[in-house]
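Single-structure report; data block below.
This is a predicted model, so every value here is computed, not measured. The sequence lines fix the lettering, A, B, ..., with proteins before strands; numbering per chain opens at 1.
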Amino acid sequence: LHLGLVALQRTIIYDLAFHIPLGKEDRSIRKKSESKSGSSGTAKTARRAARETGPRQLSLVEMSEKRSGLAAKKPDVAGPVPISDAGDPGAAEFHSAAEAAEGPRSTVRRETAESMGARQREISVSEFFTKNRHLLGFDNPQKALLNAIKEAVDNSLDACEEAGILPTLKIEIQQLAEDRFRIAVEDNGPGIMKAQVPKIFGKLLYGSKFHTLKQARGQQGIGISAAGMYGLLTTGKSVVVISRPGEGKLAHYYEIQIDTRKNAPQIIMDEVREWSQPHGTRVEIELVGTYKKGRHSVDDYVRQTAIANPHCEIFYSFPGREAIQHFPRASAQLPPASREIKPHPYGVELGALIKMMKETRGRNLSASLQHDFSRVSARVAGEICRAAQLRPSANPHAIAVNEAERLYKAINSVKIMSPPTNCLSPIGEEQIVAGLKKEMPASFFTAITRTPSVYRGNPFQIEVGMAYGGSLAGDELVDLLRFANRVPLQYQQSACAITKAVLSIDWRGYGLSMAKGALPTGPMALFVHIASVWVPFTSESKEAIAAYPEIMKELRLALQDCGRRLGMHIRAHRREAEEEKKKSYIERYIPHIGIALREILGFPEKVEMELVTTLREVLERSRTA
Amino acid sequence: MPKKKTPEKHTPNSAEKDVLGAIKSAALDIEKKILARKKPTMKFPVRSLSNVKYQPERGFFEIAGQKKERTLTVNTVKTFAQTLRMIALSKDLVENDDIATKREAYYVSKNWEDARFSEQPESDTVMDDVEAFFSINREQLGFIPEEKGGDVAGRLTVLDKDRDTGKVLRIDCTRFGTGAYSIPISVEHLRFETGARFILVIETAGMFQRLVKHNYWKKADCILISMGGVPTRACRRFIRRLADFQKIPVYVFVDGDPYGITNIYRTLKVGSGNAAHLNEFFCVPQATFLGITPQDIVDYKLPTHPLKDVDIKRARDAIKNDPFIRHHKPWINAMEQLLRMGVRAEQQALAKHGLNYVIDRYLPEKLRHPERFLP
C-alpha cells in the first residue's frame, strides 16, 4: 500500500540529519524556510484537523511518525529538536519533503533564490502519488488489478465486522478490452453516510483507522481512493459508488473523481437510485490492468481471503468463466470485535514521546503517563518518574529534551505489564480449520492460536493452520499462505518473517522432506496468520512482515506445535499403511512359497495347501506379536 | 517354464545329480521347518570385497566366513518366495538339460503373478543369491550369462563334442584366418591340445585383431586370447583350465590405467568380490602382468591422457582396500607411481612409434624378461 510514506520519511530523516548539528543556526534556517513557503500554516491546520475524531484528513507528518517504527534503527529522528522550539518540527519536515520531491537541483548556479522561490510551492498528497503511483502498489498492471480489489475488499470486510454484520461480498471483474477492466466490490455492510462518501473515495489520507491503535485490515486511509485515482489516471473514468446506510433509507449513486491539485473529491454525479441491497456499499472502478492466473492472482487472493475469513461469503466472477464462483460461509460466527487501545510505553519512540507530552491533557507528568499510555498505574508512573529523576508533579508541556530522554530511558528500565491483548481478534482454531476444510481437499487438519504476545509495546498474536494429505500434490513445496490481520500476503514471500520461521524449522522431524534452504515438500498447505494492532511490515508495500525476535519466537513455537501434531498424524498413518502392506504381502507371496516347494519336491496339492496355511499362521502370529 | 522339446527324459550326470540333490535337500529343510511351525531360514555368504581373503599360496580371493541369514518374515516374504521360485526354475533346467540366460529367467518370472520381477536387476540379484546359497556357479544351475566368453587364436586345438552324434570335434585355432574361435559359455567339458610356449591375454579386441592379422602367434609360438574388457567367468575358466592342463604361463596385456590393472587383471587373476564364493574356479593364479606398466609409460615414452577422477579414486581405493594389491608391494609401488605421474596410457598408444611397433619391438623386448612382469 503505502510505499510513498516511507520514501518521504527517508527524505525527512536525511534532511533532519543534515540540519541537526547546526544547533541555533538550524533554527533560523528553518524559520526562514517556513516563512518563505508558508507551509507552517498548512501543518498547523492539519494538526488541528488531526485532533478531531472520526474519519478525517491525516497529515503527512502523522503518517511518517506512525510509520517510523520501521526506521527504529535510525537514531533519534525527532530527538535533537529542542523542545523549547515548540513551534512545528513537522512544518520543516513537510517543507523538506516537498522540496525533495520537486526534483533534482541544478549544480550550475543559474538561478537566484528569488527566481527559484517564485516556482516553489506546495505539492498536494494526491499530486505526489499521481507521479509515484508505484509507491502505492500500482506499479504493474497485474498488481494494480489485485490491489484495487484488495483495497475494496479490505474496506468492506472491516465495515461489516465493525457493524456486526456477517459479510456477503460480490467481487466482479469484467474485461472490457485486452488490458482494460471494470472491477466491482459490493458488500452488505452498514453503508456510508452520504456526506462521507465523496471524501472516503475521492480524497487520499482520509479514514477512520489511522488514528486508532486497533486491529484492522486497512491502516492508513489511502487504499481505496488511490485505487480510484489509479483508475481515473489510466482510463479517465470516475469511481462509481452506490451506498445505502440502512433499510428504509435512500441509496445514493455517485460518480466521483479526485482533484489531485487540491486532494479533494469532485462529484461528477450524485443522485438517488433504486438498489436491491437493503444496506451496503458497491464500488466500481475502471482501470488498466492484467488478469492472470497463478500465485499472485486475484483468484488466489479471493480463495485465500475465503480461507482466512470463514465467516464471509463471497460470490466471485472473473473473465473467462460464465458461472459465478461461490465461496460459501463456513461459520456463522463473527470474529470478536477488536478493541482500540492506547499505546504501550515500551513501543513509543523518543520523538513520539516528546510530542505526546506536549499535547497531553494530563495536568502533571504522572497523570499524563497514566492517561496516555496503557498499563501505567500510579505506582508505575511513580517508578518511571523516580528512575528518570523527574518530579511526578512536573508540567509535561514544559519537558526539556534531556529530560525527555531520561524519561524515555526510564520507561524502558521499569517493568511494565504487557499491553492488554483483548484488543486482538484472532481467527480462532476452529474457524481456521473450517476455512481450510472449505478450500483444501486434504485429509488432516489442525490449527493453533497462540496466546497473545508483545513486540515493541504492540500486542500481536500468531495463528498457524495446517491441511495435509488428501489430494494435495505430494511432490511439491508446501503451499504457504501468509496473512496479516486476515489479509492474504501474496508478494515478497522470501523477505517475510513467516517464511523465515518456516525455513528455520527442520520439518524432516515431522515427517516431511525438506531440501536445504527451501520450504518443506509434501502434500500440505500451511496457513500462518499474524493479528496485531500494528503489523510491522518490512517495507512500503504491506507485503512482508518484519522479523522481530518476539514475532519469530511465537511463529516458531506455533509452527512447531502444529508440526508435532502433523508428525504424530504422519507416523500413525505410516504405521497403518505398513500393517496393511505387510498383511497384503503375506496374502500375495506365501502361495508362491508353496508353489515353489511343490515344484521342487513334487508333493501332492494337499501338502501344498497345508504348508501355505501353516506358514500364514506362523507369520500372522509373529506380526501381531 | 521352459520345457525341453524332446520327449525322452534326460538322464542327469553326476554333477547334475549333485546339484539336484542340493536343491531338494534345501527345499526339504524349509518344508520341515514350516511343518514344525517355525520360520524357515536361508544362509547366504556375504558377497563383497570386504568379505574376501587373499591367500597367495592358494592364489585367489577366498570368501571369508561372513554369512547373512535370511529368515522368512513379513518383510522378507517377497524375496524369499522369489528365491524359492528361482531355485525351482533351476531344478527344472537341470533336469531337462536346458539353459536360460539371465534375461530369459527374468521373463520366465513374468508367469509368477505377484512374485514376478519388475526389473531385471532384481532377478539378477536373486540369481546371485541362489548361486551363493548353493556355492556352485550359475552355469551348473542352468543359468547362463548373456555376454560371450572371449576370442581365441593361435597354437591350440580345442576338443569339443557334437551334441547330436556325441563325436569329438577337433577345433584348430590356427585355421580361423583373420577370425577367431569363440569361447563357449560352458567350458567344463572341453579338452585341449597345444604346443604353445605361453598364453597372451589381451584386453581389447582391436589389439587382438592386429596380432591375429599379422600372425603374431606364429612368430611368438603362443595362444592369443581377447577378453574384451573385464573377463567373463567362461573366459576366466577357459584360460584357467587351458593353463592348468598344459602348464603354460599366462601373460596379461592390458591398458596402463587403474581400470586395466585393478578391474581386468585382478579379476582375471584372483577373481572378484561379488563372486567370491566361486573364485576358486574362476581365477587364473598363474597369470602375470606383462604391460602396460606405469614404468612402460616412461621407458617407451608413450603418449598419455590425464587420470580421470574415477581413475584416481579407483587407484587410491585399491591401495587402501584391495587385498590383492595390498599384498603385493610391487603393485602398491606401481599404483603409487601411476598416481604420481597422474596419467594413463592405452595399449594402442604404442602405435605412436609405428603401427607394428608392438609386434616388432614392444612384445619381444618384454617377453625376453618374464621374470620382470608384475605379479
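When heavy atoms are compared at a cutoff of 4.5 Å, B/Leu28 approaches chain A by way of both its backbone and its side chain. Interface residue A/Leu611: backbone and side-chain heavy atoms are both found under 4.5 Å from chain B. Contacts between A/Ile600 and chain B at a heavy-atom distance below 4.5 Å involve backbone atoms as well as side-chain atoms.
Note that OG of B/Ser90 and CD of A/Glu599 are 12.0 Å apart. Values are rounded to the nearest 0.5 Å. Within the model, atoms CD of B/Glu31 and CD1 of A/Ile593 stand 13.0 Å from one another, a figure rounded to the nearest 0.5 Å. Note that CG of A/Leu619 and NZ of B/Lys39 are 7.0 Å apart. Values are rounded to the nearest 0.5 Å. Here NZ of B/Lys38 is found 14.5 Å from CG of A/Leu615. Values are rounded to the nearest 0.5 Å.
When the shell of 6.0 Å around CD of B/Glu69 is examined, it contains more than 12 heavy atoms from other residues, nucleotides or ligands. Residue A/Arg508 places its CZ atom among 12 or fewer non-hydrogen atoms of other residues, nucleotides or ligands, all under 6.0 Å distant. Enclosure of atom NZ in A/Lys293 by more than 12 non-hydrogen atoms of other residues, nucleotides or ligands within 6.0 angstrom is indicated. For B/Asp309, the CG atom is loosely surrounded, since the number of other residues' heavy atoms within 6.0 Å does not exceed 12. At most 12 non-hydrogen atoms from other residues, nucleotides or ligands lie less than 6.0 angstrom from NZ of A/Lys553. Few gaps surround CD on A/Glu587; more than 12 heavy atoms of other groups in view lie less than 6.0 Å from it. Taking a 6.0 Å sphere around NZ of A/Lys606, one finds it holds 12 or fewer heavy atoms contributed by other residues, nucleotides or ligands. Within a 6.0 Å sphere centred on NZ of A/Lys437, heavy atoms belonging to other residues, nucleotides or ligands number 12 at most.
Residue pairs meeting the ring pair (Phe, Tyr, Trp, His ring centres under 6.0 Å) criterion with at least one partner in residues 66-94 of chain B, sequence neighbours excluded, do not occur; the list is empty.
Taking 4.5 Å as the limit, some side-chain heavy atom of B/Ile34 sits within range of a side-chain heavy atom of A/Leu597. Side-chain contact between A/Tyr589 and B/Gln82: absent, with no pair of heavy atoms (C-beta onward) separated by less than 4.5 Å. Considering only heavy atoms from C-beta on, A/His592 stays 4.5 Å or farther from B/Leu84 through its side chain.
Between chain A and the options B/Lys24, B/Lys91, B/Lys78, B/Lys33, the largest number of non-hydrogen pairs under 4.5 Å is found for B/Lys78. With chain A as partner, the option from B/Leu20, B/Thr83, B/Leu72 having the largest number of non-hydrogen pairs under 4.5 angstrom is B/Leu72.
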**Request:** Go through the steps to decide whether A/Tyr585 and B/Val74 satisfy the test side-chain contact (heavy atoms from CB on, under 4.5 Å), and finish with yes or no.
**Result:** CA-CA 7 Å; A/Tyr585 257 50; B/Val74 267; 5.5 Å; no
**Asked** Checking salt bridge (Lys or Arg N to Asp or Glu O under 4.0 Å) for the pair B/Glu113/A/Arg588: CA distance, chi angles, key distance, verdict?
**Response** CA-CA 9 Å; B/Glu113 291 156 0; A/Arg588 283 162 70 182; over 6 Å; no
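Contacts of A/Ala495 classified as side chain to side chain contact (heavy atoms under 4.5 Å, CB included), with partners at least two apart in sequence or in another chain: A/Gln492, A/Ala544.
Nearest heavy-atom pair across B/Ala88 and A/Ala596 is CB-O, 3.9 Å.
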